[in-house]
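The structure under discussion appears below in the form of C-alpha coordinates.
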Amino acid sequence: METAKKRAIVVDKIQEIKSTNSFLKQICEQFPHFYTLRAVNQTAGRGRFSRQWISAPGDDLTFSTVIHVSDELQKWLVNIPQITALGIQELLLSMGVKSLIKWPNDILVETKKIAGILVEGVYKNNKQYLIVGVGLNVNSMPQEKVDIPATSILDQTGKKNDPDELLQKFVDIFSSKIETLSENGFAQFKNPLNLLLAFKNEIREVVIHDSVIRGELVGVGDDGGLLLKTEDGAVKSLISGEISFKK
Ligand code: BTN
(Lines give C-alpha, C1' and ligand atoms only; values in the text may rest on other atoms or scores of the structure.)
Protein backbone atom coordinates (compact mmCIF):
# COMPACT_ATOMS: atom_id res chain seq x y z
CA MET A 1 0.00 0.00 0.00
CA GLU A 2 1.21 3.51 -0.83
CA THR A 3 0.45 6.15 1.77
CA ALA A 4 0.04 9.91 1.44
CA LYS A 5 -0.78 12.10 4.45
CA LYS A 6 -2.56 15.42 4.46
CA ARG A 7 -4.10 17.10 7.52
CA ALA A 8 -3.59 13.82 9.42
CA ILE A 9 -6.01 12.02 7.09
CA VAL A 10 -4.50 8.84 5.74
CA VAL A 11 -5.26 7.92 2.14
CA ASP A 12 -3.99 4.51 1.06
CA LYS A 13 -4.03 2.73 -2.25
CA ILE A 14 -4.18 -0.99 -2.92
CA GLN A 15 -3.78 -2.51 -6.38
CA GLU A 16 -6.50 -5.13 -6.17
CA ILE A 17 -9.17 -6.13 -3.70
CA LYS A 18 -12.66 -7.61 -3.89
CA SER A 19 -14.41 -4.68 -2.24
CA THR A 20 -12.98 -1.81 -0.18
CA ASN A 21 -16.24 -1.69 1.83
CA SER A 22 -16.14 -5.41 2.65
CA PHE A 23 -12.44 -5.26 3.58
CA LEU A 24 -12.77 -2.25 5.87
CA LYS A 25 -15.94 -3.57 7.50
CA GLN A 26 -13.99 -6.56 8.81
CA ILE A 27 -11.16 -4.59 10.44
CA CYS A 28 -12.34 -0.97 10.68
CA GLU A 29 -11.29 -0.68 14.34
CA GLN A 30 -7.65 -0.99 13.25
CA PHE A 31 -7.80 2.24 11.25
CA PRO A 32 -7.97 5.89 12.34
CA HIS A 33 -11.00 8.12 11.86
CA PHE A 34 -11.27 9.09 8.20
CA TYR A 35 -8.85 6.43 6.99
CA THR A 36 -9.51 6.11 3.24
CA LEU A 37 -8.60 3.18 1.01
CA ARG A 38 -8.67 3.32 -2.78
CA ALA A 39 -8.66 0.12 -4.86
CA VAL A 40 -7.13 0.51 -8.30
CA ASN A 41 -8.99 -2.65 -9.30
CA GLN A 42 -12.03 -3.65 -7.31
CA THR A 43 -13.04 -7.13 -8.46
CA ALA A 44 -16.32 -7.58 -6.56
CA GLY A 45 -17.60 -4.06 -5.96
CA ARG A 46 -20.99 -3.88 -4.29
CA GLY A 47 -23.75 -1.34 -4.73
CA ARG A 48 -26.95 -0.73 -2.75
CA PHE A 49 -29.58 -3.46 -2.68
CA SER A 50 -26.97 -6.19 -3.36
CA ARG A 51 -26.22 -4.82 -6.81
CA GLN A 52 -22.79 -5.08 -8.42
CA TRP A 53 -20.63 -2.00 -8.87
CA ILE A 54 -18.51 -2.25 -11.98
CA SER A 55 -15.68 0.18 -12.63
CA ALA A 56 -12.76 0.44 -15.04
CA PRO A 57 -9.52 -0.68 -13.27
CA GLY A 58 -7.18 2.29 -12.83
CA ASP A 59 -9.47 4.69 -14.67
CA ASP A 60 -12.25 5.17 -12.14
CA LEU A 61 -12.35 5.81 -8.41
CA THR A 62 -13.48 3.08 -6.03
CA PHE A 63 -12.72 3.82 -2.38
CA SER A 64 -14.07 3.67 1.14
CA THR A 65 -13.61 5.85 4.22
CA VAL A 66 -13.82 4.66 7.83
CA ILE A 67 -15.70 7.02 10.14
CA HIS A 68 -15.53 6.60 13.90
CA VAL A 69 -18.99 7.63 15.09
CA SER A 70 -18.81 10.15 17.94
CA ASP A 71 -21.77 11.02 20.21
CA GLU A 72 -22.27 14.24 18.23
CA LEU A 73 -22.24 12.52 14.84
CA GLN A 74 -24.55 9.77 16.11
CA LYS A 75 -27.53 12.16 15.85
CA TRP A 76 -26.97 12.70 12.15
CA LEU A 77 -26.21 9.23 10.81
CA VAL A 78 -29.19 9.23 8.47
CA ASN A 79 -27.71 12.28 6.74
CA ILE A 80 -24.26 10.81 6.00
CA PRO A 81 -25.16 9.55 2.47
CA GLN A 82 -26.59 12.98 1.62
CA ILE A 83 -23.51 14.79 2.94
CA THR A 84 -21.27 12.42 0.96
CA ALA A 85 -23.34 13.16 -2.14
CA LEU A 86 -22.94 16.90 -1.55
CA GLY A 87 -19.17 16.37 -1.29
CA ILE A 88 -19.06 14.57 -4.63
CA GLN A 89 -21.26 17.23 -6.20
CA GLU A 90 -18.81 19.90 -4.98
CA LEU A 91 -15.82 17.96 -6.31
CA LEU A 92 -17.51 17.54 -9.70
CA LEU A 93 -18.40 21.23 -9.85
CA SER A 94 -14.72 22.09 -9.31
CA MET A 95 -14.02 19.99 -12.45
CA GLY A 96 -16.67 21.92 -14.37
CA VAL A 97 -19.28 19.15 -14.14
CA LYS A 98 -22.74 20.18 -12.90
CA SER A 99 -24.49 17.31 -11.14
CA LEU A 100 -27.68 16.64 -9.24
CA ILE A 101 -28.37 14.39 -6.26
CA LYS A 102 -30.85 11.59 -6.69
CA TRP A 103 -31.83 11.41 -3.01
CA PRO A 104 -30.33 10.07 -0.89
CA ASN A 105 -27.07 9.02 -2.48
CA ASP A 106 -26.75 8.80 -6.26
CA ILE A 107 -25.07 11.52 -8.24
CA LEU A 108 -26.41 12.24 -11.70
CA VAL A 109 -25.43 14.43 -14.61
CA GLU A 110 -28.80 15.22 -16.13
CA THR A 111 -30.26 11.70 -15.95
CA LYS A 112 -27.00 9.73 -16.19
CA LYS A 113 -25.36 8.23 -13.11
CA ILE A 114 -21.78 9.38 -12.49
CA ALA A 115 -21.31 8.19 -8.88
CA GLY A 116 -22.90 5.97 -6.26
CA ILE A 117 -22.49 5.72 -2.50
CA LEU A 118 -22.79 2.73 -0.18
CA VAL A 119 -22.79 3.52 3.55
CA GLU A 120 -22.58 0.58 5.94
CA GLY A 121 -22.54 0.56 9.73
CA VAL A 122 -20.52 -1.74 11.99
CA TYR A 123 -20.51 -2.21 15.80
CA LYS A 124 -17.31 -3.47 17.41
CA ASN A 125 -16.65 -3.57 21.16
CA ASN A 126 -19.47 -1.10 21.82
CA LYS A 127 -18.11 1.36 19.29
CA GLN A 128 -19.85 2.31 16.09
CA TYR A 129 -18.13 2.77 12.75
CA LEU A 130 -19.37 3.71 9.31
CA ILE A 131 -17.81 2.59 6.07
CA VAL A 132 -18.59 5.14 3.39
CA GLY A 133 -17.92 3.62 -0.04
CA VAL A 134 -17.88 5.66 -3.22
CA GLY A 135 -17.69 4.66 -6.85
CA LEU A 136 -17.02 7.62 -9.16
CA ASN A 137 -16.66 7.28 -12.91
CA VAL A 138 -13.58 9.32 -13.79
CA ASN A 139 -11.74 8.28 -16.97
CA SER A 140 -13.93 5.47 -18.32
CA MET A 141 -16.29 5.94 -21.22
CA PRO A 142 -19.37 4.16 -19.89
CA GLN A 143 -21.40 1.92 -22.12
CA GLU A 144 -25.04 2.84 -22.23
CA LYS A 145 -26.74 0.39 -19.91
CA VAL A 146 -30.31 -0.67 -20.63
CA ASP A 147 -31.72 0.23 -17.23
CA ILE A 148 -29.46 2.99 -15.88
CA PRO A 149 -27.50 5.19 -18.29
CA ALA A 150 -24.05 6.16 -16.98
CA THR A 151 -21.51 8.90 -17.58
CA SER A 152 -18.03 9.91 -16.36
CA ILE A 153 -15.94 13.04 -15.88
CA LEU A 154 -14.12 12.21 -19.13
CA ASP A 155 -17.43 11.74 -20.91
CA GLN A 156 -18.61 15.14 -19.66
CA THR A 157 -15.46 17.22 -20.08
CA GLY A 158 -13.36 15.38 -22.69
CA LYS A 159 -10.46 15.55 -20.20
CA LYS A 160 -8.66 12.81 -18.27
CA ASN A 161 -7.94 13.36 -14.56
CA ASP A 162 -5.59 11.79 -12.04
CA PRO A 163 -7.89 9.69 -9.77
CA ASP A 164 -5.50 10.06 -6.81
CA GLU A 165 -5.60 13.86 -7.03
CA LEU A 166 -9.38 13.81 -7.20
CA LEU A 167 -9.55 11.52 -4.19
CA GLN A 168 -7.33 13.81 -2.12
CA LYS A 169 -9.53 16.76 -3.05
CA PHE A 170 -12.67 14.81 -2.16
CA VAL A 171 -11.31 13.70 1.21
CA ASP A 172 -10.61 17.36 2.11
CA ILE A 173 -14.11 18.45 1.10
CA PHE A 174 -15.81 15.46 2.74
CA SER A 175 -13.95 15.64 6.05
CA SER A 176 -14.82 19.29 6.45
CA LYS A 177 -18.51 18.58 5.70
CA ILE A 178 -18.58 15.74 8.26
CA GLU A 179 -17.02 18.07 10.84
CA THR A 180 -19.70 20.67 10.14
CA LEU A 181 -22.46 18.04 10.37
CA SER A 182 -21.06 16.80 13.65
CA GLU A 183 -20.75 20.29 15.16
CA ASN A 184 -23.77 22.12 13.71
CA GLY A 185 -26.14 19.44 12.49
CA PHE A 186 -27.97 19.09 9.18
CA ALA A 187 -29.65 22.54 9.01
CA GLN A 188 -27.14 24.24 6.73
CA PHE A 189 -27.16 21.37 4.25
CA LYS A 190 -30.93 21.44 3.71
CA ASN A 191 -31.02 24.30 1.18
CA PRO A 192 -28.10 23.08 -0.96
CA LEU A 193 -29.68 19.63 -1.06
CA ASN A 194 -33.02 21.08 -2.11
CA LEU A 195 -31.38 23.08 -4.89
CA LEU A 196 -29.58 19.98 -6.16
CA LEU A 197 -32.44 17.50 -5.84
CA ALA A 198 -32.82 15.45 -9.03
CA PHE A 199 -36.38 15.01 -10.40
CA LYS A 200 -37.67 17.84 -8.17
CA ASN A 201 -41.39 18.53 -8.73
CA GLU A 202 -41.65 15.41 -10.88
CA ILE A 203 -43.86 12.44 -10.14
CA ARG A 204 -41.85 9.30 -9.40
CA GLU A 205 -42.06 5.95 -7.72
CA VAL A 206 -40.04 5.45 -4.55
CA VAL A 207 -39.21 1.90 -3.55
CA ILE A 208 -39.09 1.32 0.22
CA HIS A 209 -38.22 -2.27 1.12
CA ASP A 210 -40.99 -4.28 -0.57
CA SER A 211 -43.44 -1.46 -1.18
CA VAL A 212 -43.67 1.34 -3.73
CA ILE A 213 -45.04 4.86 -3.09
CA ARG A 214 -45.82 7.16 -5.99
CA GLY A 215 -45.85 10.92 -5.64
CA GLU A 216 -44.39 14.31 -6.46
CA LEU A 217 -40.88 14.95 -5.14
CA VAL A 218 -41.46 18.27 -3.42
CA GLY A 219 -38.14 18.58 -1.64
CA VAL A 220 -36.02 17.63 1.34
CA GLY A 221 -37.28 18.36 4.88
CA ASP A 222 -35.55 19.67 8.02
CA ASP A 223 -34.21 16.23 8.90
CA GLY A 224 -33.07 15.40 5.35
CA GLY A 225 -36.10 13.18 4.67
CA LEU A 226 -37.53 13.13 1.15
CA LEU A 227 -40.87 14.94 0.99
CA LEU A 228 -43.24 13.11 -1.32
CA LYS A 229 -46.71 14.46 -2.10
CA THR A 230 -49.02 11.54 -2.78
CA GLU A 231 -52.19 11.52 -4.91
CA ASP A 232 -54.42 12.34 -1.91
CA GLY A 233 -52.43 15.55 -1.29
CA ALA A 234 -50.66 14.28 1.84
CA VAL A 235 -46.93 14.99 2.13
CA LYS A 236 -44.97 12.05 3.48
CA SER A 237 -41.41 12.32 4.77
CA LEU A 238 -39.30 9.31 3.83
CA ILE A 239 -36.08 8.52 5.65
CA SER A 240 -34.92 5.80 3.27
CA GLY A 241 -35.79 4.39 -0.12
CA GLU A 242 -34.81 4.56 -3.74
CA ILE A 243 -36.31 6.88 -6.32
CA SER A 244 -37.03 5.10 -9.57
CA PHE A 245 -35.34 6.38 -12.73
CA LYS A 246 -38.54 5.72 -14.66
CA LYS A 247 -41.43 8.19 -14.59
C1 BTN B 1 -24.63 2.25 -5.57
O2 BTN B 1 -24.71 3.07 -6.49
O3 BTN B 1 -25.49 1.38 -5.40
C4 BTN B 1 -23.46 2.33 -4.63
C5 BTN B 1 -22.16 2.00 -5.29
C6 BTN B 1 -20.99 2.02 -4.32
C7 BTN B 1 -19.73 1.46 -4.91
C8 BTN B 1 -18.53 1.68 -4.03
S9 BTN B 1 -17.03 1.38 -4.87
C10 BTN B 1 -16.13 1.41 -3.38
C11 BTN B 1 -16.98 0.74 -2.32
N12 BTN B 1 -16.74 -0.70 -2.30
C13 BTN B 1 -17.81 -1.38 -2.70
O14 BTN B 1 -17.86 -2.62 -2.80
N15 BTN B 1 -18.81 -0.57 -2.99
C16 BTN B 1 -18.45 0.82 -2.77
Side-chain angles (χ1 to χ4, degrees), residues 1 10-28 31 34-67 78-89 91-92 99-122 129-140 142-153 163-164 166-168 170-171 174 196 198-199 206-209 226 240-246:
M1 289 185 194
V10 182
V11 179
D12 268 348
K13 184 160 76 171
I14 191 162
Q15 282 306 310
E16 190 170 287
I17 202 165
K18 283 185 177 170
S19 155
T20 50
N21 260 45
S22 302
F23 174 72
L24 291 176
K25 258 171 93 175
Q26 285 167 3
I27 50 168
C28 52
F31 297 103
F34 248 90
Y35 174 81
T36 298
L37 179 64
R38 174 189 172 207
V40 175
N41 184 17
Q42 190 176 241
T43 56
R46 297 184 291 111
R48 293 175 79 209
F49 309 107
S50 309
R51 295 186 192 120
Q52 273 187 306
W53 182 263
I54 297 166
S55 51
D59 277 343
D60 291 332
L61 266 177
T62 46
F63 64 91
S64 305
T65 297
V66 176
I67 293 183
V78 74
N79 303 118
I80 303 283
Q82 304 155 3
I83 297 318
T84 314
L86 282 170
I88 297 171
Q89 184 276 336
L91 173 76
L92 288 171
S99 62
L100 292 172
I101 296 169
K102 179 169 159 291
W103 182 95
N105 52 2
D106 281 340
I107 295 84
L108 309 183
V109 177
E110 292 168 358
T111 54
K112 294 180 177 181
K113 185 157 165 172
I114 194 163
I117 299 161
L118 177 67
V119 179
E120 297 181 291
V122 187
Y129 304 86
L130 293 181
I131 313 297
V132 180
V134 175
L136 170 62
N137 301 332
V138 180
N139 295 322
S140 59
Q143 308 291 330
E144 291 290 321
K145 291 181 194 161
V146 182
D147 49 349
I148 303 174
T151 188
S152 67
I153 298 178
D164 289 324
L166 290 191
L167 178 54
Q168 191 59 65
F170 172 75
V171 166
F174 183 44
L196 295 165
F199 312 138
V206 183
V207 181
I208 308 160
H209 305 294
L226 179 69
S240 68
E242 191 180 49
I243 302 168
S244 170
F245 271 91
K246 289 180 204 135

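All ligand and atom numbering here is 1-based and tracks the order in the structure. All values reported here derive from a predicted model rather than from experimental measurement.
Here the side chains of Q82 and I101 are not in contact, with every heavy-atom distance at 4.5 Å or above.
Judged purely by atom type and a 3.5 angstrom limit, N21 uses its side chain to pair as donor or acceptor with the backbone of L118. Judged by distance alone, with hydrogens and angles left aside, the side-chain atoms of S64 form no donor-acceptor pair with the main-chain N or O of I131 at under 3.5 Å. Under the 3.5 Å distance criterion, the side-chain polar atoms of Q42 are matched with a main-chain donor or acceptor of T20.
Using a 4.0 Å cut-off to heavy atoms of I117, the atoms of ligand 1 that qualify are 4 (C). In summary, the atoms of ligand 1 found under 4.0 Å from a heavy atom of G135, numbered by their order in the structure, are 7 (C), 8 (C), 9 (S). Under a 4.0 Å criterion applied to the non-hydrogen atoms of G45, ligand 1 contributes the atoms 14 (O). Ligand 1 places these atoms under 4.0 Å from at least one heavy atom of D106: 2 (O). Residue contact check: S19 has heavy atoms under 4.0 Å from atoms 12 (N), 13 (C), 14 (O) of ligand 1. For ligand 1, the atoms closer than 4.0 angstrom to any heavy atom of G47 are 1 (C), 3 (O), 4 (C), 5 (C). Close approach to T20 involves these atoms of ligand 1, each under 4.0 Å from a residue heavy atom: 10 (C), 11 (C), 12 (N).
The distance from atom CD1 of I14 to atom CZ of F23, rounded to the nearest 0.5 Å, is 5.5 Å.
With respect to P81, the side chain to side chain contact (heavy atoms under 4.5 Å, CB included) criterion is satisfied by exactly one of V119, V132, L86: V119.
The shortest separation from a heavy atom of R51 to ligand 1 is not under 4.0 Å, leaving the residue out of contact. At least one heavy atom of K113 sits less than 4.0 Å from an atom of ligand 1.
Between the side chains of E16 and T43, not a single donor N or O lies within less than 3.5 Å of an accepting N or O.
The aromatic ring centres of F34 and F174 sit less than 6.0 Å apart.
Geometrically, ligand 1 and R48 share a nitrogen or oxygen pair separated by less than 3.5 Å. For ligand 1, the polar-atom distance check against W53 finds no nitrogen or oxygen pair separated by under 3.5 Å.
The part of F63 lying near ligand 1 is the backbone, judged by heavy-atom distances below 4.0 Å.
Pairs passing the salt bridge (Lys or Arg N to Asp or Glu O under 4.0 Å) check and including a residue from residues 40-62, sequence neighbours excluded, read R46-E120, R51-E242.
One option in K102, R46, E120 has a heavy atom closer to atom 16 (C) of ligand 1 than any other, and that option is R46.
Nearest protein heavy-atom contact of atom 12 (N) of ligand 1 is Q42 OE1, 2.9 Å.
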